[in-house]
Amino acid sequence: MNYEPLAQELINSLLLSEMRGSLVQKQLAELAHGELAALNYLGLQKDGASPKELSRQLMVNTSRVAAILNSLVKKGYAVRRADPDDGRMLQVFITDSGRQYAQEKRAFYLSCCTMLLEQLGEEDAASYVRIAGRIAALSDPESGVLPAPCPPQGGQKRGKKAV
């Protein structure tokens, strides 16, 4: 079977959903790479985490982590403290209000996903979850299924303008 037409249909659906500002996609992005992802990770770390560790775990660059942490600290959801082993380094910890906020957001997202799956019906919902899990596993760089990400076009480095 030629899967290219199906792949094109999938891409078109995803792009249309993105252009419409899909609530689910926004939620998934926040859960995976945003403030909520940072709070969820910090909530699991009793000894806190370094910004560099957060960058690795969330798979975002250090400047994005800095912006996330600045926002979380400003909102009172996280605190920065000097590392007891190396005073030059910082460790970040979740606060009680950050933990509560993360729990509330997870409950909200769970509710939204539950409503969407209910609309699909039992059989389609189970198929969707199974297939989405399979796609996630195949998309893992360690699976070897997909090629490495393409480099930026025109020899440019990310974030730099061509001269």
Side-chain angles (χ1 to χ4, degrees), residues 1-72 75-78 92-153 158-159:
M1 176 176 180
N2 178 6
Y3 287 94
E4 193 170 315
L6 283 175
Q8 186 61 50
E9 191 176 331
L10 176 62
I11 289 170
N12 290 343
S13 294
L14 293 173
L15 287 174
L16 184 59
S17 181
E18 179 70 22
M19 287 186 290
R20 290 181 179 160
S22 167
L23 177 63
V24 173
Q25 286 180 325
K26 288 177 183 179
Q27 292 169 351
L28 291 175
E30 184 179 8
L31 284 168
H33 304 293
E35 289 182 8
L36 191 55
L39 287 174
N40 286 329
Y41 184 75
L42 291 172
L44 299 173
Q45 310 305 309
K46 69 174 186 163
D47 297 327
S50 70
K52 189 173 184 178
E53 180 182 346
L54 275 170
S55 175
R56 277 193 316 268
Q57 292 297 321
L58 303 181
M59 294 185 286
V60 296
N61 63 40
T62 53
S63 62
R64 175 74 180 122
V65 167
I68 288 170
L69 293 179
N70 286 340
S71 177
L72 291 176
K75 293 174 182 176
Y77 296 158
V92 184
F93 296 84
I94 191 169
T95 63
D96 288 340
S97 60
R99 195 174 310 279
Q100 181 180 347
Y101 172 76
Q103 288 170 345
E104 289 169 2
K105 290 294 271 190
R106 276 193 305 271
F108 171 75
Y109 291 156
L110 178 61
S111 173
C112 290
C113 287
T114 300
M115 285 189 269
L116 288 172
L117 291 174
E118 285 173 353
Q119 292 300 308
L120 286 176
E122 190 173 333
E123 187 177 333
D124 285 347
S127 294
Y128 175 78
V129 170
R130 180 184 58 77
I131 292 168
R134 199 127 182 257
I135 289 171
L138 292 171
S139 300
D140 186 326
E142 293 181 14
S143 75
V145 172
L146 297 177
C150 298
Q153 300 245 340
R158 291 180 198 260

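Source: prediction; values computed, not measured. FYI, the numbering just counts along the sequence from 1. Values reported hereafter were calculated over all heavy atoms of this structure, with side chains retained and with hydrogens, waters and symmetry mates removed.
The distance from the CD atom of Gln103 to the CG atom of Asn40 is 9.5 Å, given to the nearest 0.5 Å. Once rounded to the nearest 0.5 Å, the distance linking CG of Leu116 with CD of Gln119 reads 8.0 Å. Residue Gln45 holds its CD atom at 10.0 Å from OG of Ser50, rounded to the nearest 0.5 Å. Put simply, CE on Met59 and CG on Leu54 are 13.0 Å apart, with the number rounded to the nearest 0.5 Å.
Checked against side-chain contact (heavy atoms from CB on, under 4.5 Å), Ile135 has the following partners two or more places apart in sequence or in another chain: Ile131, Ser139. Residues passing the side-chain contact (heavy atoms from CB on, under 4.5 Å) test with Ile94, sequence neighbours excluded: Leu39, Leu42, Arg99. Applying the side chain to side chain donor-acceptor pair (under 3.5 Å) test to Ser97 and every residue at least two apart in sequence or in another chain returns Thr95. Taking the side chain to side chain donor-acceptor pair (under 3.5 Å) definition, one finds that Glu35 meets it with Ser71, Lys75, sequence neighbours left out. Not counting sequence neighbours, Ser127 has no partner by the side-chain contact (heavy atoms from CB on, under 4.5 Å) test. Partners of Glu4 by side chain to side chain donor-acceptor pair (under 3.5 Å), not counting sequence neighbours: none found. By the ring-ring contact (aromatic ring centres under 6.0 Å, His included) test, Tyr41 pairs with no residue at all, sequence neighbours left out. Contacts of Gln100 classified as side chain to side chain donor-acceptor pair (under 3.5 Å), with partners at least two apart in sequence or in another chain: Glu104. Residues satisfying the side-chain contact (heavy atoms from CB on, under 4.5 Å) criterion with Val145, sequence neighbours excluded, are Leu138, Ser143.
Closest approach of Gly34 and Leu58 over heavy atoms only: O-CD1, 4.4 Å.
Between the side chain of Ser111 and the backbone N or O of Ala107, no donor-acceptor pair lies under 3.5 Å.
The stretch residues 111-131 participates, sequence neighbours left out, in no salt bridge (charged side-chain N to carboxylate O under 4.0 Å, His left out) pair at all.
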Extract all donor-acceptor atom pairs below 3.5 Å that involve side chains of residues 60-70 and protein atoms in other chains or at least two apart in sequence.
unit_1 : atom_1 : unit_2 : atom_2 : d
Asn61  : OD1    : Ser63  : N      : 3.2
Asn61  : OD1    : Ser63  : OG     : 2.8
Asn61  : OD1    : Arg64  : N      : 2.7
Asn70  : OD1    : Arg80  : NH1    : 3.4
Asn70  : OD1    : Arg80  : NH2    : 2.7
Asn70  : ND2    : Ala66  : O      : 3.3

